[in-house]
Amino acid sequence: MKKTKLLILSLFIANFSYAQTSLMDSLIQKNYSTFKKNNSNAFEGKGWTTLQGEISKNNSVLLGEYHSPVKSLTSQMRL
């Protein structure tokens with residue numbers, strides 16, 4: 001009986017984590033946009049327009065960007 005409960009719990013957790021991943025993937029695909037710097041050192045693109053609109057509507061904004069993992073970065077450096 002204990003093994004059965006453990007198996008059911010494990011399957012539930014695995015299914016739940018997959019659901020979160022697919023939800024995040026769909027949200028990212030739906031809200032994904034980019035911007036780039038043009039020749040006059042100004043930003044342009046749908047992502048930049050969206051970002052400016054969101055910043056103007058809010059009091060505080062937190063921006064972040066993804067960098068390669070530290071392990072990968074340090075393995076390329078000569079210490």
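Computed over heavy atoms, backbone and side chain alike; hydrogens, waters and symmetry mates excluded.
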_Once rounded to the nearest 0.5 Å, what's the spacing between atom CD1 of Ile55 and atom CH2 of Trp48?_
6.5 Å
_Looking at every heavy atom in both Gly47 and Ser33, which two are closest together, and how far apart are they?_
CA-OG, 3.3 Å
*For Asn58 and Glu54, which heavy atoms make the closest approach, and how far apart are they?*
ND2-O, 2.6 Å
_For Gly53 against Ser56, the heavy-atom pair lying closest together_ = O-OG, 2.8 Å
*Are Tyr32 and Phe43 connected, step by step, through hydrophobic side chains (Ile, Leu, Val, Met, Phe, Trp, Tyr) whose heavy atoms are closer than 4.5 Å?*
no
